[in-house]
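Reading through the structure tokens given below for one structure.
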Amino acid sequence: MIVPLDSTRYAQYTAIRASHGLALSSAANTLLAARSATLQATANPVTQAFGFHYGMPELDTLYGQGQVAAILNVGNLRQPLSKAQYLAGAGVPSQLFSHPDQTIQNQAGTPSSAATGWGGRLIDVLGTGGHLDAIAVGAGGLFVEGASTHGNLLPGNGQLDLAGMNFWPQKEADARRAALVQILSAQNPNLIAGAANKALLNGMDLVADLKNANSGAPLSTAFPGSSLGQQLKTVAQLIRIRSQQGPGRQVYFVSQGGFDTHGGQAYQQFDMLRQVSQALAAFQLALAEIHAAQQVTSFTMSEFGRTLQPNSGGTDHAWGNHHLVVGAAVKGGLYGQFPDFTLGGKDDATGRGAWIPQFSNQQYGATLGRWFGADADMLQNQVFKNELASFPQADLGFMLG
Amino acid sequence: MNQHSNSRRRFLGASAQTGLMGALSALGLAGVATPSSAAVTDYKALVCLYMFGGNDGKI
């Protein structure tokens, strides 16, 4: 997404990646025009030159408007970790480089397996318990599950009706639905059955809201036809409903697949980042349209970054990664430092450019959580489950207000 | 008989520690003493965009 353009790192990047056509350059029009920023959240606030991937012109424009923060080399950590500590093996998160484990740990926001995500736990402490509090669109995610928060999942295919509930005459269908609601609402002595009934009721309420949203004034913002574009269109519709109901908090989970680029990366990455950039840009326009721009912040998450050193045409599982935070409440800029690009250097865990993160997922999440309204005690003890205090900064400073 | 009860008890104990607790938690049933929601006076939303597979942020 972002390539440093200081002479040392850019030369290393080009040398390491050029052999497989994976080095972006302005000469080949695969890198957008250079930008520069004063590095934030670091003891070394130098001016840094960098450029965005050519698939992301919309996000580059939003960056220019101060609405994008890039958090450099952030990832899954238990404590600040030097290479010597990594090699000694103490304090290292479990099952690094594994898709299923790192997917769970990144969404949990803790460096070990967990049954809840940090978005769901934010709603545990700040939500009101409604069916609009925590919603995944497209694919499910642990991120929206809390201890008392049960996330709703909207499938991406648009099929939301319960079978056997729409028939003629309408009053008979209404009676059947009322009976079902009555059954589902009844006190159930079996905890699991009661929770399942509540989940179904929540889903039915959510579908009713969504239908009302679709039959009301449609959003005038045009969204891309991509899966992610349509997911974010649904999110914008739900935000319009919820934001008009008064104070409250919502967490959403949207997603895109296909980033496991062991091969064919040069063209696949362009295609995927283009979809991300176009969808997020449309989402920002829609937020302005519904007057919610200041109240909604989007951010990227992934299970890990990829090796700086390619294989033949792709890259492999690594660790620390750059992430983007987008919105009108974001204090745009670059946060932290680019790592040392030397293969086998001080920031490289494996010798192939798998960076040891400089910031933890907990710091990244806590900065967003503080903006969301959680206080220091909630963040430390409940949202990040005592896994935040090991780090010097609980707030990386990329949110305004 | 004793052995049977013992293994059932051990099974239930193990379930409670691992899978079953996970399932209960996922259903929002874990007996966590969640404090009453802090009062919020405005509206806010966080949107997580998850990139499945491990995005190459370096490129």
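Lettering follows sequence order; numbering is per chain, from 1.
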Exercise for review: Determine yes or no for a side-chain-to-main-chain donor-acceptor pair under 3.5 angstrom, with N321(A) supplying the side chain and G57(B) the backbone.
Suggested key: yes
**Study point:** Heavy-atom donor-acceptor pair, K44(B) side chain to G373(A) backbone, under 3.5 Å
**Key:** no
Exercise for review: Considering only heavy atoms and a distance below 4.5 Å, find which of V3(A), L24(A), L280(A) pairs most often with chain B.
Suggested key: L24(A)
Review point. Contact part of L273(A) toward chain B, heavy-atom cut-off under 4.5 Å: side chain, backbone, both or neither?
Key: side chain
Practice item. Please state whether the side chain, the backbone, both or neither of F299(A) comes within less than 4.5 Å of a heavy atom of chain B. Key: both
**Study point:** L228(A) versus chain B, the contacting section by heavy-atom distance below 4.5 Å
**Key:** side chain
Review point. Under the 3.5 angstrom rule, does the side chain of R306(A) hit a backbone N or O of N55(B) as a donor-acceptor pair?
Key: no
Exercise for review: Verify whether one side chain among Y50(B) and E303(A) offers a donor that lies under 3.5 Å from an acceptor in the other.
Suggested key: yes
Point to revise | Atom group of F52(A) that falls short of 4.5 Å from chain B, counting heavy atoms | key: neither
Exercise for review: Answer with side chain, backbone, both or neither: which region of L122(A) has an atom nearer than 4.5 Å to a non-hydrogen atom of chain B?
Suggested key: side chain
Practice item. Indicate whether the side chain of D56(B) and that of Q265(A) have a donor and an acceptor atom separated by less than 3.5 Å. Key: yes
Exercise for review: List the atom of K58(B), the atom of Y13(A), and the distance in Å for their closest heavy-atom pair.
Suggested key: O-CE1, 3.6 Å
